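Worksheet: the structure to be examined is printed underneath.
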Number of protein chains: 2
Amino acid sequence: MSKPTIRDVSKKAGVSIATVSRVLNGQEGYSKTTKEKVLQVIHELGYTPNEIARGLVNKKTSTIGVMFPTVSSFFFSQLLSGIEEAAQQQQYNVFICNTAKNGERTEKYLQVLREKQVEGILFVSDFMKEPYYEQLIASRMPFVLVSTESMRYPVPFVKVDDRKASYAAVQYLLEKGHRHIGMISGTQGDPIAGTPRVEGYRQALEDYGLPFEASRMYYGNFGFNSGAAGMEQLWEQHRDNLTAVFAASDEMAAGAISACYRLGIRVPEQMSVIGYDNTPLARMVTPPLTAVEQPLEQMGKAAVKMLLELIVKGQVDSRIMPYQLVERDSVQAIQT
Amino acid sequence: MSKPTIRDVSKKAGVSIATVSRVLNGQEGYSKTTKEKVLQVIHELGYTPNEIARGLVNKKTSTIGVMFPTVSSFFFSQLLSGIEEAAQQQQYNVFICNTAKNGERTEKYLQVLREKQVEGILFVSDFMKEPYYEQLIASRMPFVLVSTESMRYPVPFVKVDDRKASYAAVQYLLEKGHRHIGMISGTQGDPIAGTPRVEGYRQALEDYGLPFEASRMYYGNFGFNSGAAGMEQLWEQHRDNLTAVFAASDEMAAGAISACYRLGIRVPEQMSVIGYDNTPLARMVTPPLTAVEQPLEQMGKAAVKMLLELIVKGQVDSRIMPYQLVERDSVQAIQT
DNA sequence: TTGTACGCGTTATCAG
DNA sequence: CTGATAACGCGTACAA
């Protein structure tokens with residue numbers, strides 16, 4: 001005994017499937033009596049419409065796909081949370097796709113998502129390579145970039161201005177009197193979350209008349225361990241006069257703080273640390289981390305809103321979201 | 001100009017849709033020449049089969065749904081990571097559903113998932129209430145519980161033995177010489193992750209001839225803030241002789257450590273803290289947290305494996321996953 | 001080896 | 001008001 005179909009309902013109610021469909025979709029054209037009869041039978045049978053069949057004729061699946069390079073961190077959790085929330089409000093479902101930064105997996109997922117007829121794709125935090133773009137365009141699937149953007153292709157995106165946010169973080173340190181600031185960057189050469197943040201750092205130093213010293217830069221990978229490694233290296237080379245470090249992610253900042261603890265460096269008394277993202281992790285470390293915030297959840301919501309608009313209108317404008325500096329206890333002013 | 005269908009391919013290739021279908025599905029019954037011709041046209045047109053239509057006839061959607069009470073934390077990220085990974089390997093897609101611990105949302109999602117014809121559901125970390133169960137049973141959707149279980153209903157689940165894991169954590173403290181141990185529990189009355197862990201704590205104390213004192217128990221909600229609040233309260237009431245605390249989640253343990261920092265209590269010298277879960281957060285706090293580990297990713301993988309088995313065989317056995325104690329720096333032996 | 005035709009569960013168009 | 005019936009895109013017996 002399989003699931004009841006609209007036909008089972010129509011038979012048992014003694015009406016045509018057309019009529020059942022009408023009451024189901026709240027359309028006009030039937031007497032109160034038949035409506036009640038139909039509703040009655042639907043209840044008895046425990047009938048539920050098959051959204052798949054519906055989608056086939058409507059050419060609408062009400063689902064979108066979201067592609068992440070990795071899924072286990074506060075950063076993506078926050079983003080995902082906003083995405084799911086907004087999607088749910090718009091009666092959309094979301095397929096999660098973890099590409100693991102792997103090209104093959106990404107292309108495979110692009111293919112699968114297309115076959116599953118998703119109405120659009122949210123491409124999160126990864127570089128939009130040519131094959132991805134070609135595939136996306138060829139399949140005519142609307143998509144928007146989240147927390148990333150493309151220089152090469154005209155694709156709508158939502159992100160904060162990394163350069164400015166980074167500048168703000170360093171400026172904050174500068175205003176607190178720091179003059180010997182190191183930076184633990186994200187992946188070297190990363191055109192999205194890497195270089196722009198380094199640029200912001202460099203620009204801030206320059207605007208305060210300070211030199212940019214390559215030896216005060218460490219290139220990590222946004223992860224905790226690389227943050228710790230970065231702190232260690234920076235400390236080793238500048239233990240004489242390093243008073244603050246700016247990490248391009250909260251995780252790296254946490255790693256840096258952890259390294260300080262092992263190295264016997266007191267934060268923030270001896271070393272100020274400022275992070276980037278302001279994920280929930282920021283307030284969980286000791287001492288609580290001061291960081292520039294990216295409004296992750298809001299970005300997630302904005303992204304689906306944009307995607308849906310793109311789906312119906314065929315175009316949308318990109319959005320630059322506001323960053324914000326949230327002060328906690330990991331930065332201390334230099335005593336003069 | 002819409003997406004090409006199998007019919008477009010058949011026309012252009014000068015064959016019937018049946019033939020196209022056959023080559024598409026790697027079946028027998030066509031000459032090498034026609035096969036090549038068809039493949040050729042498919043390529044030219046950039047044709048991709050419509051999985052939705054396929055599913056309609058096959059009665060197979062190759063998608064499952066996973067329901068979380070919340071999505072933004074390391075705990076769920078890890079679980080989700082394992083789930084997505086395993087699903088992907090089995091050519092399944094997963095819909096994420098954040099119920100936000102909300103009954104209405106949960107029931108709504110159950111309904112939607114059913115309409116979307118998911119083949120099964122993973123119900124994570126939440127209490128299986130009667131209406132959920134009724135709905136699930138009525139819709140004949142296979143489902144397995146993850147990191148939770150039901151006393152009332154016979155539903156397959158995958159989780160660790162909370163009581164034993166909890167016992168192990170406290171025993172570890174005991175073996176380190178601690179005799180004045182406080183506990184920061186999860187939600188009071190929670191039959192899954194609450195009570196059992198308290199029981200394990202109580203049992204361990206008892207087995208070591210120690211009394212269970214209600215004043216050394218604090219009931220939080222698994223979150224960071226409640227962990228900090230718990231530490232503060234415990235400290236206020238037992239500052240004379242509290243040497244260790246067992247937190248029922250890493251986040252609460254992190255909160256406790258954070259509170260110690262504010263209170264000027266040194267961890268682990270003055271206070272040992274042990275957590276539960278061993279999420280990535282554990283190694284990110286200062287000092288790194290010693291904790292009992294739940295193999296979250298593996299649990300996620302096991303869960304989809306079980307679900308798929310349940311789907312095909314109609315039944316599966318529940319699985320109790322192994323816990324493990326991982327030592328870091330937040331616990332110190334009592335000097336005697 | 002290949003094509004015809006029916007069915008999957010719905011929606012929607014037209015008659016009646 | 002209500003009921004056939006043609007799509008939707010594809011798989012598959014059954015024929016040829």
Side-chain angles (χ1 to χ4, degrees), chain A residues 1-39 41-42 45-63 112 114-119 139-140, chain B residues 1-42 45-63 111-112 114-119 139-140:
Chain A
M1 188 180 95
S2 194
K3 296 173 186 169
T5 74
I6 195 175
R7 182 158 293 122
D8 297 322
V9 177
S10 77
K11 280 216 181 79
K12 184 161 182 177
V15 298
S16 72
I17 61 175
T19 299
V20 177
S21 176
R22 278 189 274 258
V23 344
L24 232 36
N25 298 299
Q27 296 179 14
E28 298 298 293
Y30 45 77
S31 68
K32 201 163 191 173
T33 1
T34 57
K35 171 176 178 177
E36 283 169 357
K37 177 61 180 172
V38 169
L39 256 20
V41 174
I42 284 178
L45 262 38
Y47 166 78
T48 298
N50 182 329
E51 193 62 34
I52 294 298
R54 231 177 213 173
L56 185 58
V57 18
N58 295 331
K59 289 179 179 309
K60 185 163 188 339
T61 54
S62 291
T63 103
V112 171
R114 177 185 183 182
E115 295 180 355
K116 293 239 172 164
Q117 315 293 123
V118 300
E119 294 180 22
S139 62
R140 298 163 167 284
Chain B
M1 186 180 92
S2 194
K3 299 172 186 170
T5 74
I6 195 176
R7 183 160 292 122
D8 297 322
V9 177
S10 77
K11 279 216 181 82
K12 184 160 184 178
V15 298
S16 72
I17 63 172
T19 298
V20 177
S21 176
R22 280 189 272 260
V23 345
L24 232 35
N25 297 299
Q27 296 178 10
E28 298 297 294
Y30 45 75
S31 67
K32 202 162 188 171
T33 0
T34 57
K35 172 175 178 176
E36 283 169 357
K37 176 62 181 173
V38 169
L39 255 20
Q40 164 70 12
V41 174
I42 284 179
L45 261 39
Y47 166 77
T48 299
N50 182 327
E51 194 59 35
I52 295 298
R54 232 178 211 173
L56 188 58
V57 16
N58 295 331
K59 291 180 178 308
K60 186 162 186 344
T61 54
S62 291
T63 103
Q111 175 67 18
V112 171
R114 176 185 183 181
E115 294 180 355
K116 293 240 172 164
Q117 315 294 121
V118 300
E119 293 180 25
S139 62
R140 297 160 167 285

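The structure displayed is predicted, hence computed values, not measured ones.
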* Asked: Tell me, do B/Pro49 and B/Glu51 make a side-chain contact under 4.5 Å, heavy atoms counted?
  -> no

* Asked: Side chains of A/Glu115 and B/Asn50: does their closest heavy-atom pair fall under 4.5 Å?
  -> no

Using a 4.0 Å heavy-atom cut-off across all strands, classify [X] as base, sugar-phosphate, or nothing.
X	answer
B/Glu51	nothing
B/Ser21	base
A/Thr48	sugar-phosphate
A/Glu28	nothing
A/Val15	sugar-phosphate

* Backbone N or O of B/Thr61 within a donor-acceptor pair of the B/Glu119 side chain at under 3.5 Å? -> yes

Report the distance from atom [atom1] of [X] to atom [atom2] of [N], rounded to the nearest whole Å.
X	N	atom1	atom2	value
A/Asp8	C/dC8	CG	P	10 Å
B/Lys11	C/dG3	NZ	C1'	15 Å
A/Ile6	C/dA12	CD1	C1'	12 Å
B/Lys32	C/dT2	NZ	P	14 Å
B/Lys37	C/dT2	NZ	C1'	16 Å
B/Arg22	C/dT2	CZ	P	8 Å
A/Ile52	C/dT11	CD1	P	13 Å
B/Lys60	D/dC10	NZ	C1'	16 Å

* **Pair B/Lys60-B/Ser62, side chain to side chain donor-acceptor pair (under 3.5 Å): steps then yes or no** => CA-CA 6 Å; B/Lys60 186 162 186 344; B/Ser62 291; 3.1 Å; yes

Taking 4.0 Å as the cut-off, does a side-chain nitrogen or oxygen of [X] come that near to OP1 or OP2 on [N]?
X	N	result
B/Arg54	D/dG11	yes
A/Asn58	C/dT10	no
A/Asn50	C/dC8	no
A/Ser16	D/dG3	yes
B/Lys59	C/dG9	yes
A/Gln27	C/dA12	yes

From [options], nucleotide with atom closest to [X] side chain:
X	options	value
B/Ala53	D/dA13, C/dT2, D/dC10	D/dC10
B/Ala18	C/dT11, D/dG11, D/dT12	D/dT12
B/Ile17	D/dG11, C/dT11, C/dT2	D/dG11

* Structure fact -> Between A/Val57 and A/Thr19, the residue closer to the 5' end of DNA chain D by nearest nucleotide is A/Thr19

* So which one's nearest nucleotide on DNA chain C is more toward 5', B/Lys35 or A/Val20? -> B/Lys35

* Asked: DNA chain C: B/Thr33 or B/Leu56, which has the more 5' nearest nucleotide?
  -> B/Thr33

* To do: Would you kindly check whether a donor in the side chain of A/Arg7 faces an acceptor in the base of C/dG7, or vice versa, at under 3.5 angstrom?
  => no

* Asked: Roughly how far apart are A/Lys116 NZ and A/Thr63 OG1, rounded to 0.5 Å?
  -> 9.0 Å

* Looking at CD1 of B/Ile6 and CG of B/Leu24, how far apart are the two atoms once the value is rounded to the nearest 0.5 Å? -> 5.5 Å

